[in-house]
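Written below as structure tokens is the structure these notes are about.
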Amino acid sequence: MRQLLEEEIAALEQNGCQAEDWTRIVVDDDFHADRLHRVTMYGDITLGKFDGYMEVSKGFNKKTGIYNATLRNVTIGDDCLVENVAGYINNYAIGNGCHISNVCTMETTEGATYGEGNLISVLNEVGEGNLIIYHGLTSQFAAFMVKHFSNKAVKDAVWRLIREETVRTMPETATIGNGVKIVNTKELTNTIVYDDCEISGAARLSDCTIMSSAQSNVFIGTGVICENSIISEGSSVINSVKMQNCFVGEACKISNGFTASDSVFFANSYMSNGEACAAFCGPFTASHHKSSLLIGGMFSFYNAGSATNFSNHAYKMGPMHYGTLERGSKTASGAYVLMPAHIGTFSVCFGKLMYHPDTRSLPFSYLIAYNDTMYLVPGRNLTTVGLYRDIRKWPKRDMRPVSERKSVVNFDWLSPFSVGEILEGKKILEDLANASGHNVSSYNYHEYEIKNSSLHKGIKYYDIALRIYMGAVLKRHAPVTPTSDIGKGKWVDLAGLLMPESEEQRLVEDILSGEIETTHDVVRRFEEIDGNYPEYRWTWTYDMMLEYYGFDELNDDNVERIKQDYVNARRAWIAEIKKDAAKEFELGDVEREVFGNFNEQLDREVDFEKQKLYM
């Protein structure tokens, strides 16, 4: 870089440019003065070379350069087009190839944090802050932070790691990356924008970090107001969204007037029209309706139905219950699907979701209110068309490039985590039948009624799922004795990461001991656990197989029996799904061709699975 030549200063003045002090302006060796017109410069200015063209609309190319702008303490890289800045650009570093047009102000002020290290409260909108958002946050780290908030030693250690990371990476001034487009936008204050981001028509971005990349660019659209927030790779925030104190993870879409405060959204979540407050929205959380309010809850693989309302009007004096609605949960009018990640479940009553903590051990069930009676239908959702489709659709809907997948998402619908719940649910049903007899008309489970036929079908459905799981694991692992005890015992779902509880406890101990020294170490540990998932799963499943069948070992005959049971269970499962599809067809909601194609797909799958098992 060099200072301006006398003839360049004269040319700039001829073009209507002026400077507080020409000696504080440095430029690229190949700087062309004819590419600056009507530019006023204050403080220290660094300019690249402008000798190319930029396509501002299809087939419409403009000369790069700076036109009609006021700059103060600004660095602008090569071949940018900066034009029509109504106010000023103050204390900003702008990369190469950027297009900045029709903006009012861009400014870094003293004490800017760019949304980094922002303490928010999730699960309790009036509670003490329990989650720090920063650029490296993942769904696992966030869930871990919230889960262990009450452990002061762990909380303090984790917060220290995050603060060390944010201090280490905090820039002195806001930056705009390479290839960024910011047009028709009113205000950018204390906002860092990474490469290849497009901001078009936004109203205000204040104290934000936008983590765009060439592989997963971010788009911020018309009317957006975003404050004290971080937006991750591949996400879009469009159409008058208002967001404050939020973290948006990879490949999320927030749109159509959605409002959010003190909430986090991870990995492919979709939010539109409604509202979120103090919400923890794990991977694949969706809300489409104007009448939906997600507040004070933890969600994952969840689709909020119309009129979903977690408002605090449902709370009473005393401890609050925060529901964990995960792994395919979906509200419906008068019914709720119980899935294995629940700490309880909810039913719809008078337009509000009512909490049912006693149903936590009966996963994949329906809870239906009829007059004053709450009916529990165990395991019913295991054999529905909806579940079958969900199992296949979620992996296909992961829009994150492999290189940009920060949050871990395990798509196994049957895992040691969910199967452990199924085993417990099956035992509960068997104990009810043994205690009350097999010929009674109904059974009472806490305050819920289970019809006789529903109970025995529930046992059958759970048994089918267990045999499918064991056979599926045998397809992926040789039937050998496990070489490690890691995987035994209880498993947990940490916002998409399925892991042994013992590994979570080991992480806690390593954080407290100082073995874990940085936030990167924490994230790497989660990735390591996910990488070892097949072995951990095998250790758990091996013991489960022996106990389920009463085997002493997995010899050839025993393995053959598990494989045959798997094939038979798959056939029974597919047959039940066919029945459910036939009911849907009889309602007239499905075309005959669609119904026929779906049945053919099911038939092919049974044959394919049998061949694959014995290959």
Side-chain angles (χ1 to χ4, degrees), residues 133-144 165 169 177-180 192-198 209-220 230-237 247-254 264-271 280-286 299-302 326-328 389-417 472-473 475-477 493-499 503 507 518-538 612:
I133 63 175
Y134 78 107
H135 62 273
L137 192 65
T138 67
S139 60
Q140 282 72 52
F141 203 178
F144 181 86
E165 172 69 10
T169 58
N178 300 321
V180 172
I192 293 175
V193 183
Y194 284 40
D195 295 350
D196 293 280
C197 177
E198 180 173 351
T209 295
I210 304 175
M211 301 174 63
S212 184
S213 71
Q215 295 76 30
S216 299
N217 62 302
V218 172
F219 180 76
I220 310 294
I230 297 175
I231 300 171
S232 300
E233 297 87 343
S235 291
S236 62
V237 182
F247 181 91
V248 179
E250 319 105 282
C252 293
K253 183 174 181 180
I254 319 293
V264 291
F265 310 90
F266 292 103
N268 302 286
S269 289
Y270 178 91
M271 299 286 138
F280 189 113
C281 299
F284 293 96
T285 301
F299 316 90
S300 184
F301 289 84
Y302 170 75
E326 302 194 60
R327 302 275 160 185
R389 288 175 173 168
D390 282 349
I391 292 168
R392 284 147 185 80
K393 78 180 181 184
W394 295 123
K396 296 177 182 178
R397 293 186 179 184
D398 195 338
M399 305 306 295
R400 303 172 298 164
V402 174
S403 61
E404 302 284 354
R405 295 182 180 182
K406 296 180 179 178
S407 295
V408 175
V409 182
N410 188 320
F411 293 101
D412 278 3
W413 73 286
L414 291 176
S415 67
F417 173 69
V473 173
K475 288 196 301 180
R476 296 167 173 84
H477 201 288
D493 181 356
L494 208 58
L497 172 62
L498 303 178
M499 61 188 294
E503 285 299 280
L507 175 59
T518 68
T519 59
H520 297 285
D521 291 340
V522 176
V523 173
R524 278 194 292 267
R525 177 64 64 82
F526 288 133
E527 293 171 348
E528 174 189 311
I529 292 170
D530 183 58
N532 290 330
Y533 170 75
E535 290 303 316
Y536 297 161
R537 176 183 59 191
W538 174 248
K612 190 175 180 181

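Since the structure is predicted, the reported quantities are computational estimates derived from the model, not experimental observations. Just so it is clear, the values below take in all heavy atoms, side chains as well, and ignore hydrogens, waters and symmetry mates.
- Atom-to-atom distance recorded for L498:CG and F417:CZ is 7.0 Å, nearest 0.5 angstrom.
- With sequence neighbours left out, F526 forms a ring-ring contact (aromatic ring centres under 6.0 Å, His included) with no residue at all.
- In this structure F280 satisfies the ring-ring contact (aromatic ring centres under 6.0 Å, His included) test together with F266, sequence neighbours excluded.
- Side-chain contact between C281 and M271: present, with at least one pair of heavy atoms (C-beta onward) separated by less than 4.5 Å.
- Between the CG atom of N410 and the CZ atom of R537 there is a distance of 8.0 Å, given to the nearest 0.5 Å.
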Item to complete: Report the C-alpha separation of V264 and I133 in whole Å, then their side-chain angles, then the decisive distance to 0.1 Å, and conclude whether the side-chain contact (heavy atoms from CB on, under 4.5 Å) test is met.
Response: CA-CA 9 Å; V264 291; I133 63 175; 4.2 Å; yes
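- In this structure, Y536 and I529 approach most closely via the heavy-atom pair CE1-O, 3.9 Å.
- Under the 4.5 Å side-chain criterion, counting only non-hydrogen atoms from C-beta, F265 is not in contact with T285.
- Within the model, atoms CD of E198 and OG of S236 stand 11.5 Å from one another, a figure rounded to the nearest 0.5 Å.
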Practice prompt. Might you work through the side-chain contact (heavy atoms from CB on, under 4.5 Å) test for C197 and I210, ending with a clear yes or no?
Written response: CA-CA 8 Å; C197 177; I210 304 175; 3.7 Å; yes
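- For D195, the side-chain contact (heavy atoms from CB on, under 4.5 Å) partners at least two apart in sequence or on another chain are N178.
- In this structure, T518 and R524 approach most closely via the heavy-atom pair OG1-NH2, 4.4 Å.
- Smallest separation of non-hydrogen atoms from S232 and F247: OG-CZ, 3.4 Å.
- Contact detail for S235 and G249: the closest heavy-atom pair is OG-O, 2.6 Å.
- Under the 4.5 Å side-chain criterion, counting only non-hydrogen atoms from C-beta, F301 is not in contact with N268.
- Within the 3.5 Å criterion, the main-chain N or O of N217 finds no donor-acceptor partner in the side chain of E233.
- Residues passing the side-chain contact (heavy atoms from CB on, under 4.5 Å) test with T519 are Y134, F141, L161, I162, E165, sequence neighbours excluded.
- Every residue was checked against the side chain to side chain donor-acceptor pair (under 3.5 Å) condition with K396, not counting sequence neighbours, and none meets it.
- Applying the ring-ring contact (aromatic ring centres under 6.0 Å, His included) criterion to Y533, with sequence neighbours excluded, gives W491.
- The only option from V218, I192, V193, I230 that meets the side chain to side chain contact (heavy atoms under 4.5 Å, CB included) definition with M211 turns out to be I230.
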Discussion item. Determine whether F411 and F284 satisfy the following criterion, side-chain contact (heavy atoms from CB on, under 4.5 Å), listing intermediate values before the conclusion.
Written reply: CA-CA 11 Å; F411 293 101; F284 293 96; 3.5 Å; yes
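- In this view, E404 and S213 satisfy the side chain to side chain donor-acceptor pair (under 3.5 Å) rule, not counting sequence neighbours.
- Annotation: salt bridge (charged side-chain N to carboxylate O under 4.0 Å, His left out) contacts of R397 (sequence neighbours excluded): none.
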Discussion item. The test is side-chain contact (heavy atoms from CB on, under 4.5 Å); show your working for D390 and K393 and say whether it passes.
Written reply: CA-CA 5 Å; D390 282 349; K393 78 180 181 184; 2.8 Å; yes
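- Using a distance-only test at 3.5 Å, with no hydrogens or angles considered, no donor-acceptor pair links the side chain of S212 to the main chain of Y194.
- When the ring-ring contact (aromatic ring centres under 6.0 Å, His included) test is applied to Y270, the partners found at least two apart in sequence or on another chain are H288.
- The nearest pair of heavy atoms linking A267 to S407 is CB-CB, 4.5 Å.
- Evaluation of the side chain to side chain donor-acceptor pair (under 3.5 Å) rule for K253 yields no partner, not counting sequence neighbours.
- Although no hydrogens or angles enter the test, the distance criterion places no donor-acceptor pair under 3.5 Å between the side chain of D412 and the main chain of S415.
- Side chains of T169 and H135 form a contact here, defined as non-hydrogen atoms less than 4.5 Å apart.
- Under the rule for a side-chain contact (heavy atoms from CB on, under 4.5 Å), the partners of R405 that lie at least two apart in sequence or sit in another chain are D398, R400, V402.
- Shown here are the side-chain contact (heavy atoms from CB on, under 4.5 Å) partners of H477, two or more places apart in sequence or in another chain: V480, E535, W538.
- Closest non-hydrogen pair, V408 versus S139, comes out as O-OG, 4.2 Å.
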